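Start at 1 and go down the list; that is how both ligands and their atoms are numbered. Note that the coordinates shown come from a computational prediction; the quantities given were computed from them, not determined experimentally. Just so you know, residue 1 is the first one in the sequence shown, and it goes up from there.
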Amino acid sequence: MKKIAVFPGSFDPFTIGHEGIVRRALGLFDEIIIAVGANALKKSYFPLETRKEMIAKVFSDEPRVKVDHYEGLTVDYCINKGAKYILRGLRTAADFEFERAIAQVNKALKSDVESVFLLTVPEHTPINSTIVRDIIRSGGDASKFVPAAIDLKRYKGGED
Ligand code: ADP
């Protein structure tokens, strides 16, 4: 049976940290669905469709990576897609504490979906979407923090 993992997140925007996790996880799974959480209550800087388009560009040459979005519980989405794994990246101890709680609750909700964590490479540890958004808002060049396939100048962000 195909090993499918869901990589859920806001990806506002997708960074080289996210890309690194997905590319390394391709060695563990047959298919990875990058699933942008569409939370009606949580405002985003880049619109949902823009975020999906950016991610699709990064993996245009990788048929084993799909891009989608979802609402509702991540575990329900996984079951729907036949995915037995949730992929997440860990940068710091703070990430670990946050992810531990989510993963343990997800496990309690649906025991047959396993969370799998990859530690980021050291050089990606300080990179997060909030900092990238702050650089863009302040008129700086954030291109070195996003995958080369994403041309930030082409996309307009809004208020988050
Ligand atoms: P969320 O809003 O769900 O935290 P994010 O888009 O911020 O969504 O992150 C999605 C996943 O990517 C999380 O598991 C997060 O820990 C991981 N991640 C974010 N930045 C990095 C990075 N620089 N290196 C490795 N993993 C990262």
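Of all protein heavy atoms, the one lying nearest to atom 19 (C) of ligand 1 is His18 NE2, 3.3 Å. Looking at atom 13 (C) of ligand 1, its nearest protein heavy atom turns out to be Arg88 CZ, 3.4 Å. Given atom 20 (N) of ligand 1, the protein heavy atom at minimum distance is Arg91 NH1, 3.1 Å. Nearest protein heavy-atom contact of atom 15 (C) of ligand 1 is Gly89 O, 3.7 Å. Protein heavy atom closest to atom 24 (N) of ligand 1, with residue, atom name and distance, is Thr120 OG1, 3.0 Å. Looking at atom 6 (O) of ligand 1, its nearest protein heavy atom turns out to be Phe11 N, 2.9 Å.
The pair Asp151-Arg154 does not count as a salt bridge, with every side-chain nitrogen at least 4.0 angstrom from each carboxylate oxygen. Between Lys107 and Glu114, at least one side-chain nitrogen of the basic residue sits less than 4.0 Å from a carboxylate oxygen of the acidic one, meeting the salt-bridge criterion. Taking 4.0 Å as the cut-off between side-chain N and carboxylate O, Glu31 and Lys3 do not count as a salt-bridged pair.
The side-chain hydrogen bond (donor to acceptor under 3.5 Å, both in side chains) contacts involving residues 77-88 comprise Asp68-Tyr77, Arg88-Glu99, where partners must be two or more places apart or lie in separate chains.
Using a 4.5 Å heavy-atom cutoff, the side chains of Thr74 and Ile86 are in contact. Between Phe29 and Phe7, every side-chain heavy-atom pair lies at or beyond the 4.5 Å cut-off.
When atom types are taken as modelled, the side chain of Arg51 and the backbone of Phe46 share a donor-acceptor pair closer than 3.5 angstrom.
Separation of atoms CZ (Arg133) and CZ (Phe145) is listed at 14.5 Å; rounding is to 0.5 Å. The distance from the NE2 atom of His18 to the OG atom of Ser129 is 4.0 Å, given to the nearest 0.5 Å.
Taking every non-hydrogen atom of Asp95 and a distance limit under 4.0 Å, the qualifying atoms of ligand 1 come out as 16 (O). Interface of Pro8 with ligand 1, defined as ligand atoms under 4.0 Å from a residue heavy atom, comprises 10 (C). Residue contact check: Glu99 has heavy atoms under 4.0 Å from atoms 13 (C), 14 (O), 16 (O) of ligand 1. Near Gly17, the atoms of ligand 1 lying under 4.0 angstrom from a non-hydrogen atom of the residue are 22 (C), 23 (N), 24 (N), 25 (C).
Between Asn128 and ligand 1, not a single N/O pair is under 3.5 Å apart. For a threshold of 3.5 Å applied to N or O pairs, the pair formed by Ser129 and ligand 1 contains no separation below that value. Taking any N or O of His124, backbone or side chain, at least one lies under 3.5 Å from an N or O belonging to ligand 1. Checked against a 3.5 angstrom limit, the closest N/O atoms of Ser10 and ligand 1 fall inside it.
The shell of residues lying under 4.0 angstrom from ligand 1, judged by heavy atoms, includes Ile21. Residue-ligand proximity: Gly37 is placed with every non-hydrogen atom at 4.0 Å or more from ligand 1. Under a 4.0 Å heavy-atom criterion, Phe7 is in contact with ligand 1.
For the residue pair Asp12 and Ser10, no side-chain donor N or O sits within less than 3.5 Å of a side-chain acceptor on the partner.
No option in Ile127, Val58, Ile150, Val146 other than Ile127 meets the side-chain contact (heavy atoms from CB on, under 4.5 Å) test with Ile16.
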